[in-house]
Peer 1: 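Dropping the structure in here first, questions after.
Residue numbering restarts at 1 for every chain, and letters A, B, ... go by the order of the sequence lines.
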Amino acid sequence: MSAEPHAIETRGLSLWYGSFQALFDVSTDIRSGIITSLIGPSGCGKTTLLRCFNRVNERYGNVRTAGEIRILGESIYDPDVSLIELRKAVGMVFQRPNPLPISVYENVVFGLRVHTPRTDLKRSVLDEAVEKALTEVGLWKDLKDRLKTKATGLLLEQQQKLCLARLLPLKPEVILMDEPASALDVGGTRAIEELMFELAGKYTIVIVTHNMAQARRASDECIFMLMGKVVEHARTEDLFLNPQNPKTAEYIEGRYA
Amino acid sequence: MSSVPSPIRIARAERSRAAVLAEKALEALIRLSGVSAILFVAAIFFFVLKEAAPVLFSEGFSLGQFLFSTEWYPTSANNVRYGTFALTVGTLSVTALAMLIAVPFGLGAAIYLSEFCKPRLRETLKVVIELLSAIPSVVWGFVGLTVMSKLIVNATGAPVGVNVLNGGIILALMSVPVIVSIGEDALKAVPDSFREAGVALGATRWQLVYRVLLPAARNGLLAAVLLGVGRAVGETMAVLMATGHAVHIPGSLLDSVRTLTANIAAELGEAPSGSDHYRVLFLTGTLLFLITLVVNLTADFVVRGIRRK
Amino acid sequence: MARLRSRAQLRMSALFLAATLAVPACGGGGSKEAKDAKPSNTVLQNKGSDTMVNVAQVWAEEYRKVAPNVEVEVSGGGSGVGIAALLKGAVDLANASRDIKPSEAEQASKNTGKSPVGFNVGADALAVYVHKDNPMSEITLVQLTDLYAEGGKVTRWSELGITIPGVKDDTIVRVSRQSSSGTYEFFREHALGNRDFRLGSRDLNGSKEVVELVGTTPTAIGYSGMGYATADVKMLKVAPKAGAPAVAPTIAAVHDKSYPLARSLHVYTLGQPEGAVKAYIDWILSPAGQKVVEDAGYVPVAAAGNATGALATEAPAPGAPPAPAAPQPKP
Amino acid sequence: MAGRFAKTPHIARKEIAESVARSVFGLMSAAMIVPLVLIVGYLVVLAWPALSLEFLLDVPKRGMTDGGIWPAFVGTLYLVGISLLVSTPIGVLAAIYLNEYAKDNWFNRLVNLAVINLAGVPSIVHALFGLGAFVYAARFGYSILSASLTLAIMTLPVIIASTREALASVPMAFREACWNVGATRWQTVRAVVLPNSISGILTGVILQVSRAAGETAPVMFTGAVFFKAVQRGDLFPYGLGDQCMALSMHLYTLATQVPNVKEALPYATAVVLLGSVLLVNATAIVLRIWLRNRKKW
Amino acid sequence: MTESATHAPASPVKEIEVSDLRLAYGGKEVIHGISFNVHRNEILAVIGPAQSGKTSMLRCLNRTIDFTASASVSGCVKVGGQDVRAMKDVFALRRRIGMVAPLPTGLPLSIYDNVAFAPRCSGVTRKADLEPVVEKCLRQAALWDEVKDRLDSLGTALSGGQQQRLTIARALSHQPEILCLDEFSIAIDPVTTMRIEDVLKELREEITIILVTNLTQQARRLSDRTMFLLEGDIVEIDATDVIYSGESKSEKTRGYVSGMFG
């Protein structure tokens, strides 16, 4: 765990897709070691903001940003930042479970293979990493005999857990989750939420959700966004019970989705 | 039905009988056109086989000789022999060489287009590939006959520039666009979520390609290669003009060969209809039809393999 | 307000489709009208020998100037194909660089009740070509057989005592024609004594291709009509057998039949020609038509006939007047 | 100072591997531009002395050793036009069937396979088919009609494929919206699907033109002739039952049969053929881009 | 539906009767035999977390489920007393049920044509007949004032909120007896949502409305009765007041409504 009080800090962050501005002057601090949820109606920029933290949104050509993001005290837009190293430290779980079309085992060690020279990858190291990661997400018991099966054939819930498990061998500081439960049923949602509780403390977790109930249940702090701006950032209880901004109040009353 | 009086309700009109009937007729026409492809394929097979069939039962013709003899003397004055083995080998050698060149280039270009290239450049390259695939085969043949054969003679010192090498290069150029465009489709069909997952784990593009995309798109890429083979096997005018047209099992790349397709094209015009020679050419056509049928079915099967997953 | 976007769109697309479709449709329809406008247009179908196709083409081209309302469609394919098409009544005139076979004539009368009638329209010498740098100047039919025929043993120029300057590998590149052309059959019959060709020769599709390949390949040998000669090749003198004098393929040598690979060129019709067909043949046999033959590098029948009279009798043409006296065609 | 996210030597090596891969694949792609440019350039340079409007409009002269290509050019127009007339309606309707009507069952999978196979049948087999079916069995003889029909069947898959692609690009939501208000399949197709895929259909038609114009083998044995005497610039020299000259076959003829032809003539013929085909293709590409940019959703 | 079926407050007219409806996609059952009725002129809200089968259920009502090849349906759905699966003219059925999808879908036609599309499909072609319908429907959907001067412009060019109202106008254009809205507010702004909610309140006077929503508060604001659907089963169906009173029968319902899961 890092010593910094804030795992992520943004200062005056604006972002454009082509000529469309998706984020307006976002300045916010996300505390280390807790779960922070980003909520807001669709199109409010919460996913965009999340994708800035590991710069994965730059895959789409026409993205332009201004302002600053510091993760663990380092500005991630510095020219000497290697995206590969950044993404090693900032892992991401996506809306739809996206295990790679290779075996369960290879999925878990994919990150290791990518980040470590081949000579350092002894079989025993890999085996150990797989067991540790799968145990941590509670899949080891179910999957230890099926490590060679293709990961895309698992149940959705298992797939999503696997997507989380494959981040762990890289020892990330921050885990970003983009509506991780939206493709799952009620049971799967609950399982993922429980997993988040267990991982919180070891990792800084930022989760995007459109499900207010989930935000309320599963996060320590909430950031409410609207039209690309941060409207309110507060402890979850405070935000839901005592919203400072009338727009927040309207939203949590369910006036709009 | 409209028992509840309502302010917005107006009388419901019925569509006129004529309109309904016209629609029915049109739909029948659509269905007919839809199945026409089956009819055409069946008709092609039927007519080609129909012209070929009598020779199968004629005296002095043996299927074994047809398939496995290298002696092609369709008009001999005293001993007519119809052996297409050398022609088959000719087709295979030219196709194999073409694939040897076209597959790495085609797949490499497909990977570049789908994974490495900026959208603008991709559009441009796709236009180039489309134009390349639009060049008529007779123009390719002409290029083989004039340009390529001179180049080959100058470069290798071979006595004759129209040979396996020439045909192979021309065919490679002709089948590369097929391989690129279908290969690119196959790579594009790999869900973006896989790429996203890889990128988010810090993989470089190249790692992404060989660790994730190639395994995931394996079947589609195989289909691309197969369709490239189909194109090469079936090509006629280009090989007719570029391979030198010798009934001969090639010993080197610089030997001239004759392919099944070129043989038909060269001799069909001069084989009086109804003669055995004419029918044997149709039989060769049937053989070609079956070969490409198998190649295409395999390609389709391979592609559908991935879709099912 | 009720301007209907969907309708407008459909209409636009329909218009475009109609336009695309209408162009060729007009073409098809228009051609009929155009035909109607010049009602006397006659189409003659002429098919056959590849050797003669170029001559036949110039005939068609020139005859158009004489008789603008006669269109001649010329296609090649080979003597056999031309005759086969004639026997089915599919063409009006068949060109052949060989005589019609008795079996073919029989089939014609069986099919149509008419027997084919042949006209001798010229003569050709089948020349043996080598590269211009090849020191060889004459060849015997025996050597040709050793070279070309099945079982023949000669594969290198050195075996014939020839050294080609600047060539390391003197393997002979045999150039031939595809197996159903009249030229191929004539060569087989007259040069190889009806033995089959040895496989592995480059069997090219056109007489010109043969000469061009020989012209670019120092070690090549090939055969083709004498009309196809270019500056890059030379024609060998041919001796009927070893020791006999070799004769060059010249007009005179064709006339006196001293060149062993001379052949006459025929046009066949089904039954005695009438009307436009007759006029066309008359014109072919006239000096204007025969000049075409001469310009194409072949031997005109008039000269041949004058010289010996032999070639003209080869295919008796009852309806055809002797060439010099041919009546002028009526335009 | 090296930041927390600075490159490690391992990453640096990976990045080198990546740029090597990028360059190799890039070169492979570039390798495709080279032959296109070289071939077109080479042909144009050699053809240059003969290229003129007169070359296009004039008839072949002096045993085809001189003059122009008009009868062949106009013959190709005939063949392409008539084949288009046949294959467009069938192809478009077939695509509508496959994309809008066909349920996913064994029969329609068979239809799909048939389309794929039709596209894969070698052109020489199409030629055999045309000869057996149209010339002999249907008794159309060697004629423009036989050749065009052969071309039509041969190019049918081109139209079907691109029309299908165009139809499939119309979002499903539009169809569902129509079905939800009780429109029949055809009403849906007519009102929403067809108008919005017309660009793709046109592209397919244009591609069919270019494919048909370049084909040689199928017309060589069904309706194209070595030579036919035609007036210079005559737009309607042929009837349906006549044979005609075709540009592709004319090129083949000039390259292999005609002696002592002016050097530039076959090259110029190749350039006209290639030029028309590429021009038609380029039109399709431009049209596609233009229409895509003004798409309405 | 018979002429005698008049409004009887005591026993509401059953506009839709669903009994033992099962639906499977390629062998995987997603709706496990549900039965419920929809009363005439009520707003029935259907709530439940994602993947509960809400949308699939709607598609069974107007048989657009037929377009999904892998779907197999059993059980009985009656609309106006008629079994929908026995109906020959499925198009007429769809004209009786207006359907509004989650994402606004203006057809790529003019605004006018969007609304006139359905009447035209059923054979109304005269301008004099169409124009009043178009105007009426656009007014009902609270869109008329915004677009009356540009009926020629493209429906797809409108903003998301306007397109959603256009979709509602289109759904009303064939004078349906039933209107189904499937998470209509998912992609539109709060102001439009409120306007559409007002529209629905007015429409309730004339037609029956089924409102599928994942916003429990929206269901509470609008509906007469609420049905809670969870993983293909009906947990509870009751008057909205009861469901939200915190005294509903099922613990699951209470949990869901108060945001404990889903």
Peer 1: I need the D:Trp179 CH2 to E:Arg59 CZ distance, nearest 0.5 Å.
Peer 2: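 If we round to the nearest 0.5 Å, D:Trp179:CH2 and E:Arg59:CZ are 8.5 Å apart.
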Peer 1: Do E:Pro108 and D:Val192 make a side-chain contact, defined as non-hydrogen atoms from C-beta onward lying under 4.5 Å apart?
Peer 2: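 In contact.
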Peer 1: Looking only at atom types and distance, does a side-chain atom of E:Arg95 sit under 3.5 Å from a main-chain N or O of D:Gly182, one as donor and one as acceptor?
Peer 2: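 Looks like yes, one N/O pair under 3.5 Å.
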Peer 1: Do you know which two heavy atoms are closest between E:Ala171 and D:Val181, and how far apart they sit?
Peer 2: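 It is CA-CG1, 4.5 Å.
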Peer 1: Measure the spacing between CZ of D:Arg185 and CZ of E:Phe67 and express it to the nearest 0.5 Å.
Peer 2: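 Separation between the atoms: 5.0 Å.
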Peer 1: Distance from E:Thr105 atom OG1 to D:Met172 atom CE, nearest 0.5 Å?
Peer 2: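 These two atoms lie 12.0 Å from each other.
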Peer 1: Measure E:Leu93 against the heavy atoms of chain D and call it side chain, backbone, both or neither at under 4.5 Å.
Peer 2: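 For E:Leu93, neither part sits under 4.5 Å from chain D.
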Peer 1: Mind listing the closest non-hydrogen atom pair of D:Phe174 and E:Leu107 along with its distance?
Peer 2: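 For D:Phe174 versus E:Leu107, the nearest heavy atoms are O-CD2, 3.6 Å.
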Peer 1: Could you measure the distance from the OG atom of E:Ser122 to the CD atom of D:Gln187? Nearest 0.5 Å is fine.
Peer 2: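 Here the rounded value is 8.0 Å.
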Peer 1: Measuring from atom CZ of E:Arg170 to atom SG of D:Cys178, what distance do you get when rounded to the nearest 0.5 angstrom?
Peer 2: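 Interatomic distance, E:Arg170 CZ to D:Cys178 SG, rounded to 0.5 Å: 7.0 Å.
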Peer 1: Give the minimum heavy-atom separation between E:His174 and D:Asn180, together with the two atoms involved.
Peer 2: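 For E:His174 versus D:Asn180, the nearest heavy atoms are NE2-O, 4.2 Å.
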Peer 1: So with a 6.0 Å cut-off around CD of D:Glu165, is the heavy-atom count from everything else above 12?
Peer 2: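 Not more than 12 within 6.0 Å, no.
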